[in-house]
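Side-chain atoms are counted along with the backbone in the values below, which use heavy atoms only and exclude waters and symmetry mates. Residue numbers begin at 1 in each chain, while the letters A, B, ... track the order of the sequences.
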Amino acid sequence: MSDTKKSFLIINRKAPYGSSAARDALDVALTISVFEQPLSLLFMDDAVLQLLPAHNAAAIGQKNLSANLSMLEMYDIDQLYVCQRALEQRGIRPDDIELNIILLDQSGIAALIKKQDQVLSF
Amino acid sequence: MIFSIVVTGAPYSSQASASALQFSRSVLKLGHTIHRVFFYADGVHSGSALAAPPQDEANIPSEWTALACEHDLDLVVCIAAAVRRGVLDENEARRYEKSGHNLSPDFTLSGLGQLVEAGILSDRVVTFGA
Amino acid sequence: MDNLTVNGVIIPVDNEGYLRNLDDWAPAVAEQLAQQEGIQLSDAHWEILAVLRQFYQQFEMSPAMRPLIKAITAELGADKGKSIYLMSLFPGSPAKLASKIAGLPKPTNCL
Amino acid sequence: MTLHLINKTPSESSALRDSLSAVSNGDALLLIENGVYAAMPAYAELFTRLPGSVQCYLLEDDAIARGLKDLNQDFRAIGYDGFVELSCRYGKVVSWF
C-alpha cells in the first residue's frame, strides 16, 4: 500500500476486558499488517494477562480476545514479545501461553524499543 | 519536521486532549508541520460538536476546531471507535439509521488506516494517552 | 433496503442490506442476500462462504482480504486462494461482499 | 534514542516503573500531567539507578498547576516548546500511561 516502510512496535500494558485498550491495540495491529509494515507486539505489565488461555467473554457480553489473538498468525503477525518479569510476577509460566511468544528481559525490551521507527502504546 | 499526534483520552475525563492541544500549538508555532491529529478510543469525544462545558472552563472541542481552521489541520476521528460511542457524522447517522449526528464539521471520521498512514509519513508520532 | 421474505418469514435488513439480526442467517437467507447483490450462488460461492463463516466462528472477527486468502488456501487449495478468483465470484470488494452474504457483522469501515 | 513520556503518578499505574525498565543509554524522560508528581523528593530513590546519560525533564505548567515546588533537582523544568524540541532531538517518542 505504501512504498515507504516504517517499523512499528505496539506496546500493550493493560489487562483485557476491563478497558478497551487490548482491543484497541489489536485493531491497530491488524491495520498495520494490512499496510504491510514491519510490526512487533510487546506485552508488558498487566497485558500479559491477555495471553492467558480459555477466555469465555460471552459471559460478560464481550468478544473473546484470546480467539482474536489466535488470529494474529493469519495476518502474518508473528513477532510477539513478552516481558519475562511480568509473567513471573503473575505466576504465569510461558508454557501456559498457547501463542508463539518470545520472552524478553529488561535489556531485551530496551533493545526492541531502540530499533523501532514508531512506537504506539496501549 | 512532520508530526502526527494521537489522542486516546476523552476531554474532561482526562488531561490527554488538553495536553495534545497545547503541544500542537507549540509544534505549529515552532514552524513544524502536523500531518494529522488522530483521535482514538475515548479520544473520539473531542470531535463532538455538542460539548457544552461551563463558560469558565476551557471548551476543548471548540479549541481544536479553532486551531484546525487557523492551520488547516487534518483532525481524524477513528470511525469504529466513534460510532460505537455515539459520535457520528451525517453519513454514519444515515448508515446506522440514527436520528441525529454530532461530529463537528472540522473533524473527519475515518479508519485506522489513517493512523497507520500517519505513522508511515510522519517523522514523529506523539501519543497522549489516558 | 426492503426486508427479505424467506419461506414466508420476513427477515429484516438495514438500509445497506445487512441482516439486522445475525441469528437470522440461513442458507436460504444467503441466497436472497446474494440476489440483492446480483449474485446467483453456486457451489464455488458456497465453499468460500463456508470458509468465511468458519473463520468468523473460530476468531470472532471478520477477516481482511489477505487472511481470508490464507484461510481459503488452507481449506480449498492455492488455486482458489487468489484475489482474482475471489473477485470473479464476489466482484468489487470480495471480503466485504462475501461477509455480507455470509451473515457476518456489518464492517465498521475501519481501513 | 527515545524520549519517554510519562503521565501517571508512580502509584496510579506502572507507567513510570515500566518506562524506567525500558530506557537505553542516551534516552530522556519527560514527566507530564500527573507524571510530574514523580519529581517530588520522596520519589528520588526511583531514579537513582538510571544511567547518567539519561536526561530527566518535567513539564513546568503541569508542576505549577499542581502547586509543586522544591522538586527533585535532577529534573529540568521545560515548557511545551521545550517538549517539542525534545521530540525532535530524540528519534521517537514512547508514551507510558
- Message: What residues of residues 93-120 of chain A make heavy-atom contacts with chain C at a cutoff under 4.5 angstrom?
- Response: none
- Of all the residues in residues 50-89 of chain A, which have a heavy atom that comes within less than 4.5 Å of a heavy atom in chain C? A/K63, A/N64, A/A67, A/N68, A/S70, A/M71, A/E73, A/M74, A/Y75, A/D76
- Return yes when atom CG of C/N15 has more than 12 non-hydrogen atoms of other residues, nucleotides or ligands closer than 6.0 Å, and no otherwise. yes
- Item | Inter-chain contacts: residues 69-91 of chain C against chain A, heavy atoms under 4.5 Å | C/K70, C/A71
- Please list, in residue-number order, every residue in residues 34-62 of chain C that has a heavy atom less than 4.5 Å from any heavy atom of chain A; write 'none' if there are none. C/F55, C/Y56, C/Q58, C/F59, C/E60, C/M61, C/S62
